[in-house]
Asks: 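First the structure, which I've put down as structure tokens, then a few questions once you've had a look.
Every chain is numbered from 1 and lettered A, B, ... according to where its sequence line falls, protein lines coming before strand lines.
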Amino acid sequence: MDLFDLTPVEIEALRLSLWVSGWAVAASLPLGILTAWILARLRFPGKNLLDGLIHLPLVLPPVVTGYLLLVMLGRNGTIGAPLHKYLGIVLAFNWKGAVLAAAVMSFPLLVRAVRLSVESVDPGLEAAARTLGAGPVGVFITVTLPLMAPGIITGIILAFARSLGEFGATITFVSNIRGQTQTLPLALYTLTQVPDGETGAMRLCILSVLVAMAALICAEILARRFAARIQG
Amino acid sequence: MEISLTHKQGNFSIDASFQGAESGVTALFGPSGAGKTSVINMVAGLMRPDTGRISINGLCLFDSALHIDLPPEKRRLGYVFQDGRLLPHLSVRSNLSYGMHRTPVSRRFVKFDQVVDLLGIDHLLQRRPARLSGGEKQRVAIGRALLTSPAMLLMDEPLASLDTARKDEVLPFIIRLGREFAIPILYVSHATDEIINLATRLVMMENGRVLADGDLEDFLSRPDLRTRFGLDTERRCLPRTNDRIAWTE
């Protein structure tokens with residue numbers, strides 16, 4: 001076996017990992033931006049509770065989060081059952097469930113990064129845009145969001161990386177099914193459990209490092225481009 | 001321009017009423033902490049008065065009794081902030097046109113080229129605000145407010161963050177502004193030399209109260225008031241008016 005010759009199983013795991021992480025970030029980004037904005041700008045009763053709830057996946061053991069997802073969203077779960085019955089959506093033991101597990105686990109990181117960027121936007125600039133005739137939504141789209149860009153980029157990369165590495169919640173919620181839920185870390189784990197799996201495990205290990213570095217480089221390039229834009 | 005409002009925040013309360021000129025520059029003058037910026041922010045709709053009424057050229061912007069409270073974007077006021085507040089992610093050209101594009105074409109009476117000409121910012125259009133000097137920033141900020149074709153311009157110490165040389169660079173533009181566009185200006189400042197050179201009407205504020213308001217000329221013709229408010233500064237141009245001063249202390 002060659003160190004640079006990927007087997008179909010490994011290619012599948014890589015593609016699935018990118019697919020699942022991409023979807024996890026894409027699906028949680030709008031909600032993440034909204035949540036970050038709410039936490040940064042609004043004051044309301046129960047704010048600390050919401051903050052704690054969002055951060056829960058960060059402090060809970062991932063297996064516990066995965067188990068809670070299974071209990072709630074499994075085919076017989078409190079939310080999963082009606083979801084299946086009325087909308088025909090099944091999340092347990094397929095890639096959509098893996099996306100959900102990754103999204104839930106990476107959500108706190110996304111929200112933290114984006115929230116910092118909301119707090120860095122000067123409300124005075126937003127007020128200025130209001131006096132120039134833009135409504136609240138217009139101001140958010142043309143002023144707040146563009147100025148949040150660095151934090152959003154950081155948040156996307158953190159969430160993407162966290163999703164790529166997601167293991168505990170995924171294996172508990174959607175198990176380890178080849179082609180459906182077997183992402184890079186799960187495939188790597190599987191290879192360490194079989195005889196002669198070392199070379200494959202090393203290949204996946206190198207692959208993970210490469211993907212993570214590529215993500216970091218993308219983030220760096222985007223961040224620099226943004227900084228250059230602001231400095232003119 | 002009729003302004004009458006009260007606002008309480010912590011220990012500081014504002015209770016101010018005054019009439020501004022329908023044309024020319026009405027200066028809101030007083031020491032720092034007098035509540036001038038709060039008043040101008042309430043006029044702009046960025047702060048909500050507890051009670052009162054604000055109307056400009058017959059258009060009511062705020063009336064607590066009638067539950068009228070227009071949001072800032074509906075007030076048709078151009079606001080020049082002390083710190084410029086140009087949008088850092090947009091070029092000077094986009095900053096200038098930001099408000100213009102949001103003003104219906106039928107209501108625009110200020111032309112882009114005219115403003116760029118008047119303010120001498122033609123060579124800056126492609127730049128980002130980060131690469132402008134303080135004086136250039138304020139000129140762009142004035143142009144940006146002007147291009148919304150406002151019913152009135154609000155200026156909150158637009159020269160305070162500039163050194164003397166930069167002040168002399170911007171002040172003439174503000175003087176020309178009033179003449180060329182005939183837009184009334186509400187001008188906040190604590191600098192006597194600016195007031196003397198710009199104002200047609202003067203509103204004296206201290207501790208959230210209006211001490212006196214009247215035409216600048218009448219203030220200057222009374223030596224006791226000149227001394228009282230420190231108006232004994234050399235003047236470069238003299239506006240002419242005859243109104244009496246409403247003295248409320």
Asks: Are any side-chain N or O atoms of B:H89 and backbone N or O atoms of A:T142, one a donor and one an acceptor, separated by less than 3.5 Å?
Replies: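 Indeed, once roles are kept as given, a pair shorter than 3.5 Å links the two residues.
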Asks: Select one option (side chain, backbone, both, neither) describing which atoms of A:L125 are under 4.5 Å from chain B's heavy atoms.
Replies: both
Asks: Just verifying a value: how many Å separate B:R85 CZ and A:E126 CD, rounded to the nearest 0.5 Å?
Replies: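 The CD atom of A:E126 is 10.5 Å from CZ of B:R85, to the nearest 0.5 Å.
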Asks: Name the region of A:A129, side chain, backbone, both or neither, that has any atom closer than 4.5 Å to a heavy atom of chain B.
Replies: both
Asks: Look at atom CZ of A:F140 and say whether more than 12 heavy atoms of other residues, nucleotides or ligands are closer to it than 6.0 Å.
Replies: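 Correct, the count exceeds 12.
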Asks: For B:F181, does the CZ atom sit with more than 12 other heavy atoms under 6.0 Å from it, leaving out its own atoms?
Replies: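 Yes, because the 6.0 Å sphere around CZ of B:F181 holds more than 12 heavy atoms from other groups.
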Asks: Please round to the nearest 0.5 Å and tell me the distance separating atom CG of A:L132 and atom CG of B:L96.
Replies: 10.0 Å
Asks: Would the distance check show the side chain of B:R128 and the main-chain N or O of A:R229 forming a donor-acceptor pair, the cut-off being under 3.5 Å?
Replies: yes
Asks: Go through the atoms of B:L86 and report whether side chain, backbone, both or neither lie under 4.5 Å from a heavy atom of chain A.
Replies: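 Backbone of B:L86 only, per the 4.5 Å heavy-atom cut-off to chain A.
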Asks: How about CZ on B:R107, more than 12 heavy atoms from neighbouring residues, nucleotides or ligands closer than 6.0 Å, or not?
Replies: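 For B:R107, atom CZ is crowded (more than 12 foreign heavy atoms under 6.0 Å).
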Asks: Between B:R144 and chain A, with a heavy-atom cut-off of 4.5 Å, which part of the residue counts as in contact: side chain, backbone, both or neither?
Replies: both
Asks: Should the heavy atoms of other residues, nucleotides or ligands under 6.0 Å from NZ of B:K74 be counted, would the total exceed 12?
Replies: no
Asks: More than 12 heavy atoms of other residues, nucleotides or ligands under 6.0 Å from OH of A:Y86: yes or no?
Replies: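 Not buried by this count: 12 neighbours or fewer within 6.0 Å.
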Asks: Under 4.5 Å between any side-chain heavy atoms of B:R76 and A:T131, yes or no?
Replies: no
Asks: For B:R48, is the CZ atom crowded, meaning more than 12 foreign heavy atoms sit under 6.0 Å from it?
Replies: no
Asks: Looking at every non-hydrogen atom in both residues, tell me the closest pair between B:E73 and A:G133 and how far apart they are.
Replies: CB-C, 3.5 Å
Asks: Taking all non-hydrogen atoms of both residues into account, name the closest pair between B:Y98 and A:A134 and its distance.
Replies: OH-CB, 3.5 Å
Asks: Got more than 12 heavy atoms from elsewhere within 6.0 Å of CD, B:E180?
Replies: yes
Asks: Quick check on A:R41: does its CZ atom have over 12 non-hydrogen neighbours (other residues, nucleotides or ligands) under 6.0 Å away?
Replies: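 Yes, the 6.0 Å shell around CZ holds more than 12 heavy atoms from other groups.
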Asks: Given that the side chain runs from C-beta out, which part of B:L77 has a heavy atom under 4.5 Å from chain A: side chain, backbone, both or neither?
Replies: backbone
Asks: If you count heavy-atom pairs under 4.5 Å with chain A, which of B:G84, B:P88, B:G78 comes out on top?
Replies: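 It is B:P88.
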